[in-house]
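Chain A is the first sequence line, chain B the second, and so forth, proteins listed ahead of strands; every chain is numbered from 1. Only this structure's heavy atoms are used, side chains among them; waters, hydrogens and symmetry mates stay out.
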Number of protein chains: 2
Amino acid sequence: MRMDEREKVRKPAGVKNRLSASCGQENPCKIPPSYRISSEALEKVKGLMHEDVSDTVAILKVLSDPMRLRILKALRIEDLCVCVFVELMNCEYSKLSYHLKLLKEAGLVDCTKEGNFLIYRLTELGGKMLDSVEKMHFSVPSSI
Amino acid sequence: MRMDEREKVRKPAGVKNRLSASCGQENPCKIPPSYRISSEALEKVKGLMHEDVSDTVAILKVLSDPMRLRILKALRIEDLCVCVFVELMNCEYSKLSYHLKLLKEAGLVDCTKEGNFLIYRLTELGGKMLDSVEKMHFSVPSSI
DNA sequence: ACAATATTTCAAATATATTTGAAATACTTA
DNA sequence: TAAGTATTTCAAATATATTTGAAATATTGT
């Protein structure tokens with residue numbers, strides 16, 4: 001299956017910028033004909049490229065911050081008001097507000113007002129995401 | 001267990017900036033005494049705050065990019081040379097190089113030279129991380 | 001050796017994310 | 001009603017990440 005059809009469709013020498021049927025693009029194909037790849041694989045990969053990953057990326061982005069990750073972990077222990085984070089993270093309200101907003105917009109936490117306090121809690125999604133993250137076994141090779 | 005000891009340690013009125021034993025910080029505690037939280041919960045949360053999450057964050061950061069995610073997905077189908085990405089993602093070499101470098105530094109991919117081609121492959125870690133990401137069920141509430 | 005090619009590297013330009021501090025909001029207590 | 005408090009919001013400052021294009025590198029075929 002490693003042998004492909006790409007060579008077959010090569011245009012006669014001297015025709016620069018030829019179309020490549022295997023790429024299926026209008027523009028000149030940038031994959032050199034000497035690179036062997038099955039058209040099956042190429043098609044599969046091409047399919048992937050149009051897949052929408054924006055939701056995935058959006059949530060991963062929100063998760064990839066130390067402060068936000070700690071907030072989520074803390075909320076798994078107990079619903080907490082902002083003031084607790086302000087104290088324990090040594091952090092201004094405005095900074096926390098910013099991070100809490102991102103978590104909330106991503107649907108990972110929500111909050112209710114109790115008197116002057118705003119109590120944040122983990123949503124179901126938030127809990128699941130945190131679990132997933134912790135199930136990943138992270139071992140970065142060197143220091144990156 | 002919701003009743004806490006925080007009230008007990010309140011200093012006499014008029015003493016501003018008192019230490020709060022429940023916070024255990026040297027500085028004045030920012031958690032208002034009217035906010036009720038068990039000292040057990042507070043201790044647990046405080047413990048979390050010192051936990052190191054940098055490896056987790058480092059890998060999540062690398063994963064949270066559409067291009068890098070697509071590269072990983074593609075490499076699960078087959079080892080691929082850079083030229084394939086250049087073609088299918090409509091992207092300059094230098095840009096791809098940048099993203100591939102991040103993936104490599106994170107240990108998610110590696111590569112070997114074959115002639116003039118650089119063939120990238122998913123590492124074991126890369127495969128696991130991709131699996132984990134895909135097992136998360138992402139549903140961002142609104143558009144974030 | 002030479003020219004062509006596939007790729008990386010680097011620095012500058014751009015874009016995005018985060019922090020900061022001041023002002024606004026909304027609730028509570030006096 | 002006024003004053004205090006917990007929190008958010010906003011805009012400016014800063015920091016970080018990404019893109020871009022030109023030049024460097026390494027390999028190949030001639």
Side-chain angles (χ1 to χ4, degrees), chain A residues 13-14 16-17 28-37 54 57-71 79-106 109-120 144, chain B residues 13 16-17 28-37 54 57-58 60-71 79-106 109-120 144:
Chain A
K16 285 266 154 145
N17 283 353
C29 180
K30 310 246 199 46
I31 305 175
S34 60
Y35 179 73
R36 302 320 183 96
I37 181 173
S54 53
V57 167
I59 290 211
L60 288 175
K61 272 205 165 111
V62 172
L63 290 170
S64 44
D65 174 276
M67 194 150 205
R68 296 194 288 267
L69 223 40
R70 289 204 182 95
I71 291 173
D79 299 350
L80 291 169
C81 95
V82 185
C83 63
V84 172
F85 295 121
V86 167
E87 170 67 28
L88 298 184
M89 303 183 125
N90 243 289
C91 185
E92 293 304 318
Y93 270 104
S94 57
K95 192 170 170 180
L96 270 163
S97 239
Y98 168 72
H99 290 287
L100 288 167
K101 184 157 73 122
L102 296 189
L103 289 167
K104 200 162 139 209
E105 286 171 345
V109 308
D110 64 8
C111 64
T112 53
K113 198 150 204 192
E114 296 193 7
N116 250 342
F117 301 120
L118 244 195
I119 311 293
Y120 279 86
I144 78 171
Chain B
K16 285 268 152 140
N17 284 352
C29 178
K30 311 248 199 45
I31 305 176
S34 60
Y35 179 72
R36 302 319 183 97
I37 181 173
S54 52
V57 166
L60 287 175
K61 271 205 167 110
V62 172
L63 290 170
S64 43
D65 175 277
M67 195 152 206
R68 296 194 289 266
L69 224 40
R70 290 205 182 95
I71 291 173
D79 299 350
L80 291 169
C81 95
V82 185
C83 63
V84 172
F85 295 120
V86 168
E87 170 67 27
L88 297 185
M89 304 183 123
N90 243 288
C91 187
E92 292 305 318
Y93 270 103
S94 57
K95 192 170 171 179
L96 269 164
S97 239
Y98 168 72
H99 290 286
L100 288 166
K101 183 157 75 122
L102 296 191
L103 288 167
K104 200 161 140 213
E105 285 171 345
V109 307
D110 64 6
C111 63
T112 53
K113 197 149 203 189
E114 295 192 8
N116 250 343
F117 301 120
L118 245 194
I119 311 293
Y120 278 86
I144 80 170

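Here the nucleotide nearest the side chain of Leu118(A), chosen from dT7(D), dA6(C), dG21(D), is dT7(D). Closest approach to the Tyr98(A) side chain among dT18(C), dG21(D), dT7(D) is made by dT18(C) (side chain taken as heavy atoms from C-beta onward). Looking at the side chain of Phe117(B), the nearest of the listed nucleotides dT7(C), dT18(D), dT9(C) is dT7(C). Across dA26(C), dT18(C), dT7(D), the shortest atom-to-atom separation from the side chain of Tyr93(A) is found for dT7(D). With dA26(D), dA22(D), dT18(D) as the candidates, the nucleotide lying closest to the side chain of Ser94(B) is dA22(D). Side-chain proximity of His99(B) to dT18(D), dA6(D), dT7(C): nearest is dT18(D). Comparing atom distances between the Arg68(B) side chain and each of dT18(D), dT7(D), dT7(C) picks out dT18(D) as nearest. Of all nucleotides listed (dA17(D), dT7(D), dT7(C)), dA17(D) comes nearest to the side chain of Lys61(B).
If you take CD of Glu87(B) and C1' of dT7(C), they are 16 Å apart, rounded to a whole angstrom. Computed from coordinates, the Ile31(A) CD1 to dT5(C) P distance equals 16 Å when rounded to whole Å. Look at CG on Leu96(A): it is 15 Å from P on dG21(C), rounded to the nearest Å. The separation between Glu114(A) atom CD and dT28(C) atom P is 11 Å, rounded to whole Å. The separation between Tyr120(B) atom OH and dA6(C) atom P is 15 Å, rounded to whole Å. In this structure, the CG atom of Leu103(A) is 12 Å from the P atom of dT8(D), given to the nearest Å. Going from atom CD of Glu92(A) over to atom P of dT18(C) covers 18 Å, rounded to whole Å. Here the P atom of nucleotide dT19(C) and the CG atom of Asn90(A) are 14 Å apart, to the nearest Å.
A donor N or O paired with an acceptor N or O is not found under 3.5 Å between the base of dT28(C) and the side-chain atoms of Asn116(A).
Between the CE atom in Met89(B) and the NZ atom in Lys30(A) there is a gap of 13.0 Å [rounded to 0.5 Å]. Cys111(A) SG to Leu80(A) CG: the interatomic distance, rounded to the nearest 0.5 Å, is 13.0 Å. Atoms NE2 and CG, from His99(A) and Asp65(A) in turn, are 5.0 Å apart once rounded to the nearest 0.5 Å. The CZ atom of Phe85(A) lies 5.5 Å from the CD1 atom of Ile71(A); values are rounded to the nearest 0.5 Å.
Applying the 4.0 Å criterion to OP1 and OP2 of dT8(C), one finds that Lys101(B) has every side-chain N and O outside that range.
Of the possible donor and acceptor atoms, one in the side chain of Tyr35(B) sits under 3.5 Å from a partner among the backbone N and O of Cys81(A).
Within the 4.0 angstrom heavy-atom criterion, no nucleotide atom of any strand lies near Phe85(B).
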